[in-house]
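Structure record follows, encoded as structure tokens.
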Amino acid sequence: MASNVNPTVRRRRLGQELRRLRELKGMTAEEVAERLLVSQSKISRLENGRRSISQRDVRDLCGVYEVEDVRIVDSLMQMAKDSRQQGWWHSFGDIPYSVYIGLETDAASLRAYEPQIIPGLLQTRPYAEALIQGALPETSTADIEKRVQVRLRRQERVSAEESPLRLWAVLDEASLHRVVGSRLVMREQLEHLAEMSQLPHITVQVLPYEVGAHPGLNGQYAILEFPDAADSSVVYIEGVTSDLYLEKAADVQKYSVMYEHLRAQALNVDQSRQFIADIAKEYAR
């Protein structure tokens, strides 16, 4: 990726700045759309960073917002240029969750809750292969391998020697008992999980069955936080045909509170590691 620029993050920052300029002007997205003869949905997509922003879009919007400071315009134009570069994941072709990968690549920390499977960042290759093949039975062998390669590349964030991603994962006990691949694959996966949990920047907790009903019963989600204060936290919810990204402060706060409840109800770190190790031994029998 040229100049180590993350296009996903650049689009988010640029979109946030464009929204700020619009609000300072006291205009609605609909009013801006009418002025530029475009759809309101396009303005919304530009502001939420889900769409590439051209330098022409920036120039037109700055004109509508009557931005007179050339330095501001030039800065926004450069951000637009950077946002159109390709991240490392683009070399793998069409990746359905490329927006998420872009966010994860630039995140400082990730809090994840997984009710059914081991988190992708902590998966072994055999587990990942079996999981993807089982979840997407009509996928070709080549596409499965591509997805596995992307997953392994993503894991470099948690194995990096400098500024690794801080990962906190709360796993439902079900994810440890669901046999993905084979008993041997599961034993190796759980041994790897226990080993990774000993790293200082990785925390793994298990939510045992005996807890009963808990705030995570609605399903998987992740909260990404970024090193730059200008980048708002994001809640990511994976879907079958589309994913959901929540950035409003109220939404992030609600999911953060839910996560605190999950952490409080789960086994502590040492208990969780022993719990995982014990189940791994069961798979060896």
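Quick note: residue numbers are just sequence positions, from 1.
- Distance check, rounded to the nearest 0.5 Å: CD1 of Ile223 to CG of Asp251 gives 11.0 Å.
- In this structure, the side chain of Arg157 engages the main chain of Glu104 through a donor-acceptor pair within 3.5 Å.
- A side-chain N or O of Gln274 and one of Asp278 form a donor-acceptor pair less than 3.5 Å apart.
- Salt bridge present: Arg125 and Glu145 bring a charged side-chain N and a carboxylate O closer than 4.0 Å.
- With sequence neighbours left out, the side chain to side chain donor-acceptor pair (under 3.5 Å) criterion links Asn268 to Gln271.
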Before you tell me yes or no, could you show the steps for Arg166 and Glu225 under salt bridge (charged side-chain N to carboxylate O under 4.0 Å, His left out), namely the whole-Å CA-CA distance, both residues' side-chain angles and the distance that decides it to 0.1 Å?
CA-CA 10 Å; Arg166 296 192 304 274; Glu225 297 173 313; 5.6 Å; no

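- We find that Glu47 and Arg22 are joined by a salt bridge, their nearest charged nitrogen and carboxylate oxygen being less than 4.0 Å apart.
- Rounding to the nearest 0.5 angstrom, the gap separating the CG atom in Leu131 from the CD atom in Gln116 is 11.0 Å.
- Between the side chain of Gln220 and the backbone N or O of Tyr113, no donor-acceptor pair lies under 3.5 Å.
- Side-chain N or O atoms of Thr105 include one that pairs as donor or acceptor with a backbone N or O of Ile101 at under 3.5 Å.
- At least one side-chain heavy atom of Val32 sits less than 4.5 Å from a side-chain heavy atom of Leu36.
- A distance of 11.0 Å separates OH in Tyr236 from CG in Leu110, rounded to the nearest 0.5 Å.
- There is a path of hydrophobic side-chain contacts, each under 4.5 Å, that joins Ile118 to Val180.
- Between the side chain of Tyr65 and the backbone N or O of Met27, no donor-acceptor pair lies under 3.5 Å.
- Aromatic ring orientation, His177 versus Tyr209: parallel (interplanar angle below 30°, classes split at 30° and 60°).
- Heavy-atom neighbours of Gln198 CD from other residues, nucleotides or ligands within 6.0 Å: above the threshold of 12.
- Remark: side-chain polar atoms of Glu247 are not paired, donor with acceptor, to backbone N or O of Val234 under 3.5 angstrom.
- Follow the hydrophobic side-chain contacts under 4.5 Å out from Leu152 and you never reach Tyr100; the two are in separate clusters.
- Salt-bridge formation is detected for the pair Lys42/Asp57: a Lys NZ or Arg NE/NH1/NH2 atom is positioned less than 4.0 Å from an Asp or Glu carboxylate oxygen.
- One N or O on the side chain of Arg273 and one on the backbone of Ser197 form a donor-acceptor pair closer than 3.5 Å.
- For the atom pair Glu23 CD and Arg20 CZ, the distance stands at 9.5 Å (nearest 0.5 Å).
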